[in-house]
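What follows is a single structure, written as structure tokens, with notes after it.
Both ligands and their constituent atoms are indexed starting at 1 by order of listing.
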Amino acid sequence: MARIKFDYSNVKNFVNDHELAQMQTMVNAVDRDLRAGTGVGSDFTGWVTLPTDYDKDEFARIQAAAKKIQSDSKVLVVIGIGGSYLGSRAAIDFLHEFYNNYLPDDQREFPQVLFAGNSISPAYLNDLIKVIGDRDFSVNVISKSGTTTEPAIAFRVFKDLLEKKYGQEGAKSRIYATTDAKRGALKGEATTEGYETFVVPDAVGGRFTVLTACGLLPIAASGADIEQLMAGARQAQADYADPDLATNGAYQYAAMRNILYRKGYTTEILANWEPTLQYLAEWWKQLQGESEGKDHKGIYPSSANYSTDLHSLGQYIQDGRRDLMETVIKVATPVSDYVVPVTDEDLDGLGYLQGKNMSYVNDTAMQGVVLAHVDGGVPNMIVEIEKQDEFSLGYLFYFFEIAVGISGYLNGINPFDQPGVEAYKTNMFALLGKPGYEDKTKELRARL
Ligand SMILES: O=P(O)(O)OC[C@H]1O[C@](O)(CO)[C@@H](O)[C@@H]1O
């Protein structure tokens with residue numbers, strides 16, 4: 001039985017009963033394409049069977065490396081951008097307490113995991129170096145292509161800092177490189193320098209790499225159980241193998257999004273009710289946006305953190321343009337709870353809540369918001385997971401991955417490439433004077 005409850009009862013005002021069933025033929029066709037490798041972009045569908053077909057020897061090396069980092073470092077700096085950091089960042093936030101990174105070293109069992117190379121901001125880099133201070137640290141540099149500018153700059157900086165602190169040999173034993181098996185500057189550098197190296201499989205595109213070494217090493221170093229993460233994903237792989245829309249929740253989600261998209265609901269909000277899920281939405285936004293935004297079509301993925309954003313975006317969602325659909329991630333069992341304090345006098349008018357669990361208030365608010373948004377014209381779907389543990393997260397990652405594969409194919413695009421991201425890179429390289437871009441440099445400078 002599926003470990004996620006997918007509840008689409010709140011789309012019934014927007015989608016007729018027969019519409020989902022009528023998607024079955026199309027869903028069967030795209031499911032076949034995805035699994036048989038006969039669809040577009042099939043060279044990048046290795047993630048479909050990754051939870052069962054991963055490299056077990058490398059997995060053991062990841063666990064050993066995580067243990068070493070835990071034993072010799074107070075901080076792990078994870079250098080990467082996009083799919084090379086969002087999955088591990090999402091997982092580490094999801095699996096640890098919200099203020100995990102604020103705990104002082106003497107109260108921590110595992111290293112702080114901090115991220116670099118996900119922007120070009122010098123201020124951010126300076127702040128990060130300052131917060132590491134004179135503490136022991138290691139670096140995991142992650143880039144599938146091995147040529148991305150942001151992580152390459154950050155790696156130069158941290159490699160230099162490591163070498164100054166530990167000497168060249170000492171630095172080498174603190175650098176872990178996760179990259180392509182054969183190609184790219186990072187692969188070349190790792191081989192020359194003799195870093196411990198982990199592989200991003202060819203058949204897994206950046207945004208699908210959370211269950212490869214890209215995600216697994218930082219997640220394991222943070223103290224989380226990556227065996228359970230993979231076990232959850234494996235369970236989902238088995239549970240979502242049958243394309244029957246009567247039972248396959250991930251496929252129901254993909255098909256519903258497609259039905260709603262065709263009716264003009266062109267933006268999807270992924271909403272959560274726990275601050276530790278904020279980065280899960282960031283991971284999801286890349287997964288959806290980079291997979292589906294092609295050929296001038298696709299659902300625009302956005303996110304909201306409730307109840308916080310009800311006091312900022314709430315007005316728009318309730319009352320703005322009616323092109324929104326909303327998917328709520330609900331956690332059935334809260335990580336912890338708190339009872340609203342009981343007071344003799346009811347000065348703040350909160351007497352009706354006193355003695356009640358905050359999880360009850362949060363949950364009830366969620367139900368109220370779902371109904372309000374549905375009444376306001378926003379179709380709503382709920383993805384309910386059991387709890388915030390590794391198994392549930394692995395399951396959830398797979399749920400969204402398989403859904404976006406199906407959803408992208410249903411919309412007639414290649415969900416596994418990202419040609420659009422090259423445009424900004426070309427302009428940036430040209431303006432920065434990278435060799436090979438001379439004509440473009442002239443053309444762009446004339447426009448500035
Ligand atoms: O791991 P890499 O190759 O550095 O790429 C990072 C990210 O950049 C992109 O290639 C977009 O430029 C994403 O697809 C990817 O997740």
- Task: Return the set of residues passing side-chain hydrogen bond (donor to acceptor under 3.5 Å, both in side chains) with Y265 (not counting sequence neighbours), or none when no residue passes.
- Result: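 If we apply the side-chain hydrogen bond (donor to acceptor under 3.5 Å, both in side chains) test to Y265, skipping adjacent residues, there are no hits.
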Dump all N/O pairs between ligand 1 and the protein below 3.5 Å as a table: atom names plus distance, one pair per row.
| residue | atom | partner | partner atom | Å |
| --- | --- | --- | --- | --- |
| ligand 1 | 1 (O) | S84 | OG | 2.6 |
| ligand 1 | 1 (O) | K144 | N | 2.7 |
| ligand 1 | 3 (O) | K144 | N | 3.4 |
| ligand 1 | 3 (O) | S145 | N | 2.7 |
| ligand 1 | 3 (O) | S145 | OG | 2.6 |
| ligand 1 | 3 (O) | T148 | OG1 | 3.4 |
| ligand 1 | 4 (O) | S143 | OG | 2.6 |
| ligand 1 | 4 (O) | T148 | OG1 | 2.5 |
| ligand 1 | 12 (O) | K425 | NZ | 2.7 |
| ligand 1 | 14 (O) | E290 | OE1 | 2.7 |
| ligand 1 | 14 (O) | E290 | OE2 | 3.4 |
| ligand 1 | 16 (O) | G83 | N | 2.8 |
| ligand 1 | 16 (O) | Q286 | NE2 | 3.0 |

Cation-pi, [Y] ring and [X] (6.0 angstrom, 45 degrees):
{"X": "K425", "Y": "F429", "answer": "no"}
{"X": "R257", "Y": "Y261", "answer": "no"}
{"X": "R174", "Y": "Y166", "answer": "yes"}

- Would you please test R234 and T52 for side chain to side chain donor-acceptor pair (under 3.5 Å) and show each step? CA-CA 6 Å; R234 209 158 36 245; T52 45; over 6 Å; no
- Item | Nearest non-hydrogen partners of K144 and G205, listed with the distance |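 Heavy-atom minimum between the residues: CE-CA, 4.1 Å.
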